[in-house]
Amino acid sequence: MSGRLGLPRCDRHVSAPNSSQHDPTQPGWTMHRYRSHTCGEVSAADVDVDVRMSGWLHNRRDLGGVLFVDLRDHYGVVQLVVRPESPAYEPLTSLPKETVVRIDGRVLRRAAENVNPELSTGEVEVEVGDVEVLGSCAALAFNVFPDDRVSEEKRLTYRFLDLRRQRMHHNIMLRAAVIRSLRQKMNDLGFTDIQTPILSAPSPEGARDFLVPARLHPGRFYALPQAPQQFKQLLMVAGFDRYFQIAPCFRDEDSRADRSPGEFYQLDIEMSFVEQEDVFQIVEQVLTDVFHEFAPDQETTSPYPRISYRDAMARYATDKPDLRAKLELVDVSHIFRDSEFRAFAGKNVRALPVPGCSDKPRSFFDQVQEFAVERGAQGLAWVRIDERGELAGPIAKFLTAEDAEQLVAEVKGEPGTAVFFGAGDQTDVTRVMSEVRVEAAKRTDLFEENVFQFCWIVDFPMYEKGEDGTIEFSHNPFSMPQGGLDALQTQDPRDILAWQYDIVCNGVELSSGAIRNHSPEVMYEAFRIAGYSREQVDYEFGGMTRALHYGAPPHGGVAPGLDRIVMLLAGESSIRETIAFPLNQNAQDLLMGAPTEIDEERLKELHLSIRKPQTRGSGSTDSQQG
RNA sequence: GGCCCAGUGGCGCAGUCGGUUAGCGCGUCGCCCUGUCACGGCGAAGGUCGCGGGUUCGAGUCCCGUCUGGGUCGCCA
């Protein structure tokens, strides 16, 4: 894998610390205790130079009369050659891999036929004269090299080994480089990097908070911030104009492959005196630049198309569409409202026209259907439009001629187009068909590879109906409603849109943001509709509402998820591959043993007593973990 | 909280219809090998199949429960 960072295969980084500024020809020169050169550094220019290097025993090839050892450090890999006459021969034949050693030796040019083009140091090798063990290595839980598959549990338990592996080492370095680049760009654009508190107050809306008991205040708790949302708005009120932060966010929610349990990072941004377009311009520039910089071989679409929430739900059945899939859904419920066909009548029916299916075998349709059923669909009906423009297929006979005609017209069906149908309850159909759309595209080569397809999802509804029929905020309660106070007072809450937007890339929600509500009157009214009294708002969001009374500028922002950005750039499908020390799915740190039980003394100090759940097996510290 | 998948030497996996000596690759150990770079060759050690119960003449295999891990739905303003 020749690097996304533009580095050759085994190079781990660009520049080395100490080393070559030491000049042996100068008086008073002494060899550094551990190294004159790093492992990635020696080259043909160093031939015949005496060097000292330290690193890990990466791999060994013992040919009997000559021994080759690969020595690895952060910067690269170099081949050591050891002859039986050398005092280093005996130890280096027997030391376990991953032992840390210091070696002294001389750089030799390799014969032309022995050059390894895979290695940046492949033109040379180091003939070893002396070796010293700096760190011995016990029997490995798994190979660092070659890179075998290992369960994630093992990898996390021995994360320090896992992180030595090239892929992980590369991902972590990529993450650092992305952060460095983002900071640079934000600074260049005039944004100020400001820290916000980690110990803060709970947020009544949103996800579950992590809580921290307050020793000085019995019965009270701090909460870790789910995002610095209110603080960044307060910074705007304080007049800082443009804020950013690589901000840690803590949410006590269940994990997913693209959602880290516990904590994650956002490039948190807020700007004053802006409208939606101003925010878009900045973020789009920063993200596009970063994707170009770190994925130069993949196309990144810009400008990003804007899709309204309503449109996205209609055409893609999701508010995070993967635009690499070149298919769109069509809502055809109305055609079948009074149909004789029981499976469709009166239900939510989504059609997915797929062109170019005239020569697809029956198995294609069966496989797509199977895919849908695995995801909980009742079934997946389909028809095919034949050369005469008429419908064929298992359910064609259930459709009247008029229905068929209308259907073909609405899906703009050409001969050879197949149409899949999802029918049923709105929520289920939406969930399944959004995935079927992508799957069908992949199976018909209507899925574009090697591209980052960004889009903005805009015009999110301000409110939605909760399960109990009450009106709730559908996103951020601090968003400005489109139409302002007037809209709140005159429109049906469910029709009100917010200045609320998401960035989606390849089906991954990268970012959410909004133009904020900076007017206290609009704020109280917005909360009133969601069932909050003025007093409640003042109590639960006191800091915010107080600030809005003292001259708040119009402002807005956005917060792209850093982990997901790195995940996309690294080509990984799990966010945990981009985090040095992630929690596992059950929010445990298998290496450090968190969370742990706390002894009685400290609980007492915190004014806490533990009430374990009644259910069997849940006091689960009887596992092997210490 | 629900659902799906997995758990077999140190690691990754195979194990048919329930059938007697549980295989393979990597690693480990021993021997050989002077130009390899995932070196190669020969040989050896190492597992009672996550745990508990059940069905059966007989269970790695079937059933129930449970634990652990991954995925997913709910959840994620």
Side-chain angles (χ1 to χ4, degrees), chain A residues 9-10 58-70 77-85 89 94 96-98 108 110-119 121-122 125 138-158 161 203-209 226-227 229-230 249-261 264 374-376 427-428 431-432 435 460 462-464 466-467 472-479 498 500 509 512 514 526-527 530 541 561 573-574 576 584-586 588 590 613 615-618 620 622-625:
Chain A
R9 187 158 174 273
C10 278
H58 183 62
N59 199 22
R60 171 172 27 230
R61 293 169 295 283
D62 189 345
L63 276 59
V66 61
L67 170 67
F68 297 104
V69 178
D70 293 330
V77 174
V78 65
Q79 171 164 285
L80 310 180
V81 57
V82 197
R83 309 281 172 187
E85 314 81 80
Y89 187 78
S94 55
K97 283 199 213 178
E98 297 304 314
L108 304 179
R110 295 202 204 183
E113 67 272 22
N114 288 331
V115 166
N116 183 352
E118 300 280 291
L119 238 49
T121 58
E125 59 196 357
L140 292 167
F142 52 82
N143 292 336
V144 171
F145 180 89
D147 194 343
D148 302 329
R149 269 184 55 94
V150 188
S151 71
E152 203 164 330
E153 185 179 7
K154 275 281 179 303
R155 291 176 54 203
L156 292 176
T157 307
Y158 296 90
L161 291 179
S203 40
E205 290 280 329
R208 196 176 296 113
D209 291 307
Q226 296 183 25
Q229 179 64 39
Q230 294 188 60
C249 304
F250 306 89
R251 295 179 192 175
D252 187 4
E253 294 294 335
D254 291 349
S255 74
R256 290 290 182 277
D258 68 350
R259 194 203 299 165
S260 181
F264 61 96
E374 274 171 16
R375 274 148 193 80
T427 326
D428 296 339
R431 188 172 52 74
V432 173
E435 293 191 67
F460 277 85
M462 183 83 186
Y463 301 100
E464 63 190 11
E467 278 171 18
E472 301 172 351
F473 289 109
S474 64
H475 270 73
N476 188 326
F478 303 122
S479 297
Q500 167 84 42
E509 183 188 318
S512 195
F527 271 95
F541 306 98
S573 52
S574 168
R576 291 187 297 274
N584 71 1
Q585 187 168 51
N586 294 318
Q588 296 164 301
L590 298 177
T615 47
R616 65 279 178 265
S618 22
S620 60
D622 45 337
S623 66
Q624 314 87 314
Q625 280 299 319

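So you know, we letter chains A, B, ... as the sequences are listed, proteins then strands, and number each from 1. Both backbone and side-chain heavy atoms feed into the values below; hydrogens, waters and symmetry mates do not.
Not counting sequence neighbours, A:E472 has no partner by the salt bridge (charged side-chain N to carboxylate O under 4.0 Å, His left out) test. By the side chain to side chain donor-acceptor pair (under 3.5 Å) test, A:N59 is found to be paired with A:K97, residues two or more places apart in sequence or in another chain being considered. Listed by chain and residue number, A:D162, A:E577 satisfy the salt bridge (charged side-chain N to carboxylate O under 4.0 Å, His left out) test with A:R155 (two or more places apart in sequence, or in another chain). For A:F541, the ring-ring contact (aromatic ring centres under 6.0 Å, His included) test picks out A:F478, A:F527, with sequence neighbours left out. By the salt bridge (charged side-chain N to carboxylate O under 4.0 Å, His left out) test, A:E253 pairs with no residue at all, sequence neighbours left out. Legend: residues meeting salt bridge (charged side-chain N to carboxylate O under 4.0 Å, His left out) with A:D147, ordered by chain and number and at least two apart, are A:R165. Considering only residues two or more places apart in sequence or on other chains, A:V66 meets the side chain to side chain contact (heavy atoms under 4.5 Å, CB included) condition with A:L63, A:F68, A:V81, A:R83.
For A:R149, the listed nucleotide lying nearest its side chain is B:C13; candidates were B:C39, B:C13, B:G69. If you check B:G1, B:U68, B:G12 against the side chain of A:K154, the one that comes closest is B:G12.
Between A:E152 and A:P477, the residue whose closest nucleotide on RNA chain B is further toward the 5' end is A:E152.
Among the heavy atoms of the strands, none lies under 4.0 Å from A:R155.
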Are there any protein N/O atoms within less than 3.5 Å of an N/O atom in nucleotides 23-26 of chain B, and if so, which ones and at what distance?
residue	atom	partner	partner atom	Å
B:C26	O2'	A:N143	ND2	3.0
B:C26	O2'	A:D148	OD2	3.3

For nucleotides 32-36 of chain B, which of its nitrogen or oxygen atoms have a protein nitrogen or oxygen under 3.5 Å away, and what is each distance?
residue	atom	partner	partner atom	Å
B:C33	N3	A:D62	O	3.2
B:C33	N3	A:G64	N	3.4
B:U34	OP2	A:G65	N	3.4
B:G35	O2'	A:N114	OD1	3.2
B:G35	O6	A:R83	NH2	2.0
B:G35	N1	A:E125	OE2	2.9
B:G35	N2	A:E125	OE1	2.6
B:G35	N2	A:E125	OE2	3.0
B:U36	O2	A:R61	NE	2.6
B:U36	O2	A:R61	NH2	3.4
B:U36	O2	A:Q79	OE1	3.3
B:U36	N3	A:Q79	OE1	2.9
B:U36	N3	A:Q79	NE2	3.0
B:U36	O4	A:Q79	NE2	2.9
B:U36	O4	A:R110	NH1	3.2

